[in-house]
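Naming: A, B, ... by sequence-line order, numbering from 1 per chain.
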2 protein chains.
Amino acid sequence: MSRAALPPAAPRAPLSVDRIAEAALALIDRDGLAGLSMRRLGQALGVEAMALYHHVPSKGRLLDAVMDRLVLDFDLPAPGSMPALDRLRHGLHAYRQIAIAHPHAFPLLVGRRFNSPGAFAVYERLLQAFAELGLSPAQSARWFRTLGYFVNGAGMADIASREQAPDATPLLLQRQPEALPFPQVAAVAPYLRVDRLDDVFGFGLDMLLQALAQQAAQGQTPAR
Amino acid sequence: MSRAALPPAAPRAPLSVDRIAEAALALIDRDGLAGLSMRRLGQALGVEAMALYHHVPSKGRLLDAVMDRLVLDFDLPAPGSMPALDRLRHGLHAYRQIAIAHPHAFPLLVGRRFNSPGAFAVYERLLQAFAELGLSPAQSARWFRTLGYFVNGAGMADIASREQAPDATPLLLQRQPEALPFPQVAAVAPYLRVDRLDDVFGFGLDMLLQALAQQAAQGQTPAR
DNA sequence: ACCTGAACACCGTTCAAGT
DNA sequence: ACCTGAACACCGTTCAAGT
């Protein structure tokens, strides 16, 4: 019924927040957010569920730890490595890849407040790029949020479009869009398909970064 | 223990999907998404939980019905009422208000696929505005998604920034930002506060609608 | 210090039964 | 046709106990 005890020569690695978070992410990736329970996580780690509470005070804080783990995949180039605008473009594409690589975990980044030191380190790099472009703190805040809104919304849409949840509504859009009583929707539907999501993301991001560059140039060379 | 039976003169209103969805939304608004259970919803409707399954096949489909109810608040002006760009601006501001009015339910709109007839009717109106501006179907799809990413991301950030969930991480940003070891974050933090969210949303939306107008004008008057 | 095991107050959903 | 009640297989978390 239970597995044979390991020999003392290979003792079980001790629990730690990092090890727990890593296992939690793996479980979420495999079974979805709803598939993560303290009991199943304990099982995956070879331990009773209640043992986890010695390292993590609640499931909420465990999810925060998973976010900290996730943000490590946010590959935002360091200042000096390339021009600021390229760093932003590269970084935001990498951020979207988190949504694609971890579709069940990504909503945590969007829906939960994220104020850990690791998160702040990423924010700092983003804001360095804005400052390098000559934006004021007020303008930096606006662009920080605007770009964040875009990439978070894009990631969520990527997930909602791709995911075939067992209770999801049927995908009316993917087949026979011409049968719909909505002519505009029917005409546009082919361009809303999942295989166009890369194109759309690149388009929207370029649109925003162009406007950002334009505004930065204006700020450095005041009109008149 | 149980409430007295109502007299036959005032028979309990019969259940219906709409009545169930309305009660579910009220429950979500009051107690959060996690506070919605079939048992508690039944209780709110004066009925056993299992009675709900005669009108709704699963909790997933119930959530779809709540989305259908929510989208009724999406006040997107009809064609002819005002210029296309103003309709878009008005509609997208109204959409954000859904996030602010129903912070616990809004994530459903962002995270779940939304292909009901009511949703298509809204999509149709949005796409009519793009067509009126002279966008091709391919361009309409790009702008439809780009604007959708922005408003969905903005709504989620509005919620995450405001909500004081019991297990949320502390709000390092709101107080003593100058104590952080991240100079750029410290400088920008005052402009990231909750009381600046209206300003940020207006800014980002204007940025996007400007780019959209610019592109529409180019499309109608081919260069050279 | 770290982990276990029982218990509490919940879940969504199935099923057989009532009217 | 519509609703009930018991049951099944789960939850997060508390608490007292073990080592």
Side-chain angles (χ1 to χ4, degrees), chain A residues 1-8 10-21 23-24 27-28 30-66 104 108 111-112 165-169, chain B residues 1-8 10-21 23-24 27-28 30-66 104 108 111-112 165-169:
Chain A
M1 187 166 286
S2 64
R3 271 175 292 181
L6 291 171
R12 198 172 56 204
L15 288 180
S16 70
V17 177
D18 285 348
R19 232 166 67 78
I20 293 174
L27 206 51
I28 293 169
R30 204 169 51 107
D31 300 332
L33 253 186
L36 173 70
S37 76
M38 301 303 270
R39 284 172 167 86
R40 304 228 286 143
L41 180 56
Q43 204 175 333
L45 287 162
V47 105
E48 288 298 312
M50 301 316 122
L52 304 172
Y53 282 90
H54 274 271
H55 301 89
V56 156
S58 69
K59 194 179 180 186
R61 294 312 179 103
L62 166 62
L63 295 177
D64 289 339
V66 173
H104 295 112
L108 295 174
R112 296 178 66 82
D167 62 1
T169 48
Chain B
M1 190 166 282
S2 65
R3 269 175 291 182
L6 290 171
R12 199 172 56 205
L15 287 180
S16 70
V17 179
D18 285 348
R19 233 167 67 78
I20 292 173
L27 206 52
I28 293 168
R30 203 168 51 107
D31 301 333
L33 252 186
L36 173 71
S37 77
M38 301 303 270
R39 284 171 168 88
R40 304 227 287 144
L41 180 56
Q43 204 176 331
L45 287 162
V47 106
E48 288 298 312
M50 302 314 122
L52 303 171
Y53 283 90
H54 274 270
H55 300 89
V56 155
S58 68
K59 192 179 180 184
R61 294 310 177 105
L62 167 62
L63 294 177
D64 288 341
V66 173
H104 296 111
L108 296 173
R112 296 180 66 82
D167 62 1
T169 48

Q: Check the pair Leu62(B) / Leu52(B) against side chain to side chain contact (heavy atoms under 4.5 Å, CB included), numbers first and verdict last.
A: CA-CA 9 Å; Leu62(B) 167 62; Leu52(B) 303 171; 5.9 Å; no

(Q) Roughly how many Å apart are dA9(C) and dA9(D), using the P atom of each and rounding to a whole number? (A) 22 Å

Q: Sort out the partner of dC10(D) for me: Watson-Crick or G-U wobble, both distances under 3.5 Å, none otherwise.
A: none

**Q.** Over all atoms of both residues, closest heavy-atom pair of Gly35(A) and Arg40(A)
**A.** O-NH2, 3.1 Å

Q) Met50(A) CE to dA1(C) C1': how many Å, rounded? A) 18 Å

Q: For Arg61(B) and dG12(C), give me the distance from atom CZ to atom P, rounded to whole Å.
A: 17 Å

Q: Please tell me which of the listed nucleotides, dC11(C), dG12(D), dC3(C), lies nearest to the side chain of Ser37(B)?
A: dC11(C)

Q | Whole angstrom value for the distance that separates P of dC10(C) from CZ of Arg40(B) | A | 9 Å

Q: Check the distance between dG12(C)'s P and Leu52(B)'s CG and give it to me in whole angstrom.
A: 10 Å

Q) Nearest to the side chain of Arg39(A), which nucleotide is it out of dA7(C), dC3(D), dC8(D)? A) dA7(C)

(Q) So for His54(A) and dC2(C), does any side-chain atom that can act as donor or acceptor lie under 3.5 Å from a complementary atom in the base? (A) no

Q: Without swapping roles, check the side chain of Arg112(A) against the backbone of Gly60(A) for a donor-acceptor pair under 3.5 Å.
A: yes

Q) Any donor-acceptor pair under 3.5 Å linking the side chain of Arg19(A) with the backbone of Leu45(A)? A) no

(Q) From CD1 of Ile20(A) over to P of dC2(C), roughly how many Å is that when rounded to an integer? (A) 11 Å

**Q.** Atom-to-atom span, CD of Glu48(A) to P of dG12(D) - whole angstrom
**A.** 14 Å

Q.
Distance check needed: dC10(D) C1' versus Met38(A) CE, whole Å only.
A. 16 Å

Q: Take Leu27(B) and Asp31(B) through the test side chain to side chain contact (heavy atoms under 4.5 Å, CB included) and record every step on the way to the result.
A: CA-CA 6 Å; Leu27(B) 206 52; Asp31(B) 301 333; 3.9 Å; yes

Q. Starting at CG of Leu36(B) and ending at P of dC11(C), how long is that distance when rounded to a whole Å?
A. 10 Å

Q. Which nucleotide, dT4(D), dA7(D), dC3(C), lies nearest any side-chain atom of Val47(B)?
A. dT4(D)

Q. Is any side-chain N or O of Tyr53(B) closer than 4.0 Å to OP1 or OP2 of dT13(C)?
A. yes

Q.
Going by purine N1 to pyrimidine N3 plus the second Watson-Crick contact, or the G-U wobble pair, all under 3.5 Å, which nucleotide sits opposite dG5(D)?
A. dC15(C)

Q.
Looking only at the side chain of His55(B) (C-beta and beyond, no hydrogens), which of the listed nucleotides dT4(D), dC3(C), dC3(D) gets closest?
A. dC3(D)

